[in-house]
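Some notes on the structure that comes next.
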Amino acid sequence: MTRHATQPIEGQKPGTSGLRKKTRVFMQPGYLENFVQSIFDGIGGASGKTFVLGGDGRFFNAKAIQTILKMAAANGAARVIVGQDGLLSTPAASHLIRLNGTDGGIILSASHNPGGPDEDFGIKFNTPNGGPAPEGVTNAIFARTQTIDGYQKLDAPDVDLGALGETSVGEMAVTVVDPVEDYEALMASIFDFDAIRAMIAGGFTISFDAMHAVTGPYAAKILEGTLGAPAGSVVNGTPSPDFGGGHPDPNPVWARALMDRMMGEDAPDFGAASDGDGDRNMIVGRNCYVSPSDSLAVLAANATPVPAYAKGLAGVARSMPTSAAADRVAERLGIGLYETPTGWKFFGNLLDAGKVTICGEESAGTGSDHVREKDGLWAVLFWLNLLAARKLSVAEVMADHWATYGRNYYTRLDFEAVPTEAAAALMDGVRDRLGDLPGQSFGDLTVESADEFSYHDPVDGSESHGQGLRIWYEGGARAVLRTSGTGTEGATIRCYLEAYDAETLDDPAKLDPVRTATMELAGFRTHIGRTEPDVTT
Ligand code: VG1
Ligand code: CO
């Protein structure tokens, strides 16, 4: 074993979803090692512990895994369970952490960000409950990056990650597992596979776009294998280190080919896509895109046909910027609704405490208490299960939902690669005026109230401040502004717009006044020179 001297590296603070940087930053000598050692030190050492390890297959994934295995061995870990070829979707990793009663896991991914030598890489630590480390743990890891003076790494040959079964690095046992097997068994225990299989056998057609990312093998095995969808139902199903040169981000912009297929002449009955690490989902029916906020509400409203949720839901949680569509369902069901800051880690306590069963975010994330991450394929299977049970098309399900609950019109505008100072000036400009905004008019709207979101965790009492600026306009529309914790270039400003309508269920201009007012209120043109976002979802 070799102890390598090192020193603190600037900027190793984990954001919303672990540490994300340009791949070349991670490839600098000692950079990955510094952070991995800080993880081990930050959780009180690795000695005698068992971890899960895997990633989304992006460029540098396999190399990083070899490094982490040698470091885990040098730090005295007892065993590492690693996905074959270094692959594990984020939800599958979460499941393995829980299933094997491990001490946590390390997941390598920059999720929906593009991959490759000039794109993004990421790493995060998940705790023994299977969820992303809460702030207490990420703060301890970050604190360690500030004082670190050495890391330990075994001088050992690489492990053959292609061969399933038991091997070792030094004294440490390594178990190479099939990435799909245990995950598929979990899905089969949740959903009515027979009903889905019968629907598909009856001619129901699916197009699942794996976006050259990690869900390819999962979707091929489950949808085409077990559930009988014809070969070709899964497209872009082979994981590639640069995701075929695209953004593995399942939204109408980056999954354009799927959108075109679903809006075209011979559209299949059901379309879906997932992101780089398999925790996000996009749901599209024939001529009908389902917004993630609506999807969460629909799943909550249609949970009982799913065997695992047949007894009903304990409660629903959504991130603050997510629309209130799910709130209406929770209210009708008479169950709790929790509003958390952005990022899946905030759902962990609520799930562990049994307060909620289903959670979701507007950013294409939905999941339940079956793991402690959002789960893309789970959401797809949930939709298939509910369609099989209700015998309606996606468009009919949506029409019925809106007729019952009214519609929360919703959109998110992303302004990417904004100079950091300009983004800060825009946000500070709103923050400093929060108290003065009520009563002021912008465009056709008048501000009713405004604040900055703070979260008080009802389970452990922890506080999280500075979680997004909220503006409510008279008449009920809402805007939220926050800066991204996952971008890797400059700052990304996210502007979330929402307006509710109980009667008019198809008004494409519904959000126009909210958008105009919010651009003016926050001074987008003044601060960043534009009011047109890079991505609208
Ligand atoms: C984004 C999303 C957030 C999500 C996070 C991680 O964070 O807005 O909802 O939890 O990505 O998703 P931010 O800070 O950039 O807005 V994933 O699929 O990248 O793990
Ligand atoms: Co993801």
Side-chain angles (χ1 to χ4, degrees), residues 13-20 54-58 88-94 107-115 119-126 131-133 138 210-211 213-215 218 243 247-251 254 273-282 291-293 296 317-323 339-348 359-367 371-379 410 412-418 423 427 453 464 466-469 480-496 533-535 537:
K13 188 166 178 57
T16 325
S17 213
L19 183 66
R20 288 194 192 164
D56 63 10
R58 69 180 59 222
L88 282 179
S89 77
T90 292
S94 180
I107 302 177
L108 304 175
S109 174
S111 191
H112 54 289
N113 297 8
E119 300 294 350
D120 295 349
F121 193 77
I123 176 169
K124 69 173 177 176
F125 179 73
N126 281 32
T138 54
M211 303 189 85
V214 78
T215 45
Y218 293 82
F243 307 117
H247 281 232
D249 192 350
N251 64 42
W254 295 114
S274 193
D275 71 334
D277 61 329
D279 57 359
R280 296 188 180 202
N281 73 89
M282 176 170 93
S291 83
S293 292
L296 172 67
R318 64 163 172 84
S319 68
M320 180 275 283
T322 303
S323 94
E339 187 178 36
T340 59
T342 293
W344 208 261
K345 61 188 174 195
F346 293 102
F347 294 135
C359 316
E361 294 191 278
E362 51 63 42
S363 53
T366 16
V371 289
R372 293 294 180 273
E373 288 277 6
K374 51 191 184 268
D375 188 342
L377 214 44
W378 169 90
Y410 190 84
R412 184 179 99 180
L413 315 176
D414 293 335
F415 300 83
E416 296 173 349
V418 176
M427 295 295 289
F453 181 56
S464 301
Q467 298 293 337
L469 303 170
V480 173
L481 294 166
R482 59 179 285 282
T483 46
S484 156
T486 62
T488 56
E489 225 179 301
T492 294
I493 302 173
R494 303 201 195 283
C495 174
Y496 312 78
D534 298 279
V535 179
T537 50

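One-based numbering, in listed order, for ligands and for the atoms of each. Just so it is clear, the values below take in all heavy atoms, side chains as well, and ignore hydrogens, waters and symmetry mates.
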Next item on the list: Mark the output for R20 as yes if a heavy-atom distance to ligand 1 is under 4.0 Å, and as no if none is.
Entry: yes
Next item on the list: Let me see the working for R318 and E361 under salt bridge (Lys or Arg N to Asp or Glu O under 4.0 Å), right down to the final yes or no.
Entry: CA-CA 6 Å; R318 64 163 172 84; E361 294 191 278; over 6 Å; no
Item checked: Proximal atoms of ligand 1 relative to D279 (non-hydrogen, under 4.0 Å) -> 17 (V), 18 (O), 20 (O)
Check: Would you say ligand 1 has an N or O under 3.5 Å from any N or O of E361?
Finding: yes
Checklist line | Angle, OD1 of D277 through the Co ion (ligand 2) to OD1 of D279 - 10° precision | finding: 90°
Item checked: Contact with ligand 1 for R412, non-hydrogen, under 4.0 angstrom -> yes
Margin query: I want to know if ligand 1 touches H112 in the polar sense, i.e. an N/O pair below 3.5 angstrom.
Written below: yes
Note to self: Test of understanding: given a 4.0 Å heavy-atom threshold, classify the contact between D275 and ligand 1 as side chain, backbone, both, or neither.
What the structure shows: side chain
Note to self: Please tell me whether S111 and D275 have a donor and an acceptor in their side chains that are separated by less than 3.5 angstrom.
What the structure shows: yes
Margin query: Can a side-chain donor-acceptor contact be found between D56 and S109 if the only test is distance below 3.5 angstrom?
Written below: yes
Checklist line | Contact flag S109/the Co ion (ligand 2), N/O/S atoms, threshold under 2.8 Å | finding: no
Item checked: Any G343 heavy atom less than 4.0 Å to ligand 1 -> yes
Note to self: For ligand 1 and S111, I'd like to know whether there is a polar contact (N/O to N/O, distance under 3.5 Å).
What the structure shows: yes
Margin query: Is a donor from one side chain sitting under 3.5 angstrom from an acceptor on the other, for D277 and S89?
Written below: no
Margin query: Looking only at N, O or S atoms in D275, which is nearest to the Co ion (ligand 2)?
Written below: OD2
Check: In terms of atom number and element, which parts of ligand 1 are under 4.0 angstrom from non-hydrogen atoms of T342?
Finding: 3 (C), 8 (O), 9 (O)
Next item on the list: Below 4.0 angstrom from a heavy atom of R494, which ligand 1 atoms are there? Numbered from 1 as shown, please.
Entry: 8 (O), 13 (P), 15 (O), 16 (O)
Next item on the list: Look at R280 together with D249 and state whether they make a salt bridge at an N to O cut-off of under 4.0 Å.
Entry: yes
Note to self: I'd like to know whether ligand 1 has K374 as a neighbour, heavy-atom separation below 4.0 Å.
What the structure shows: yes
Check: If you measure every N/O of T483 against every N/O of ligand 1, is any gap under 3.5 Å?
Finding: no
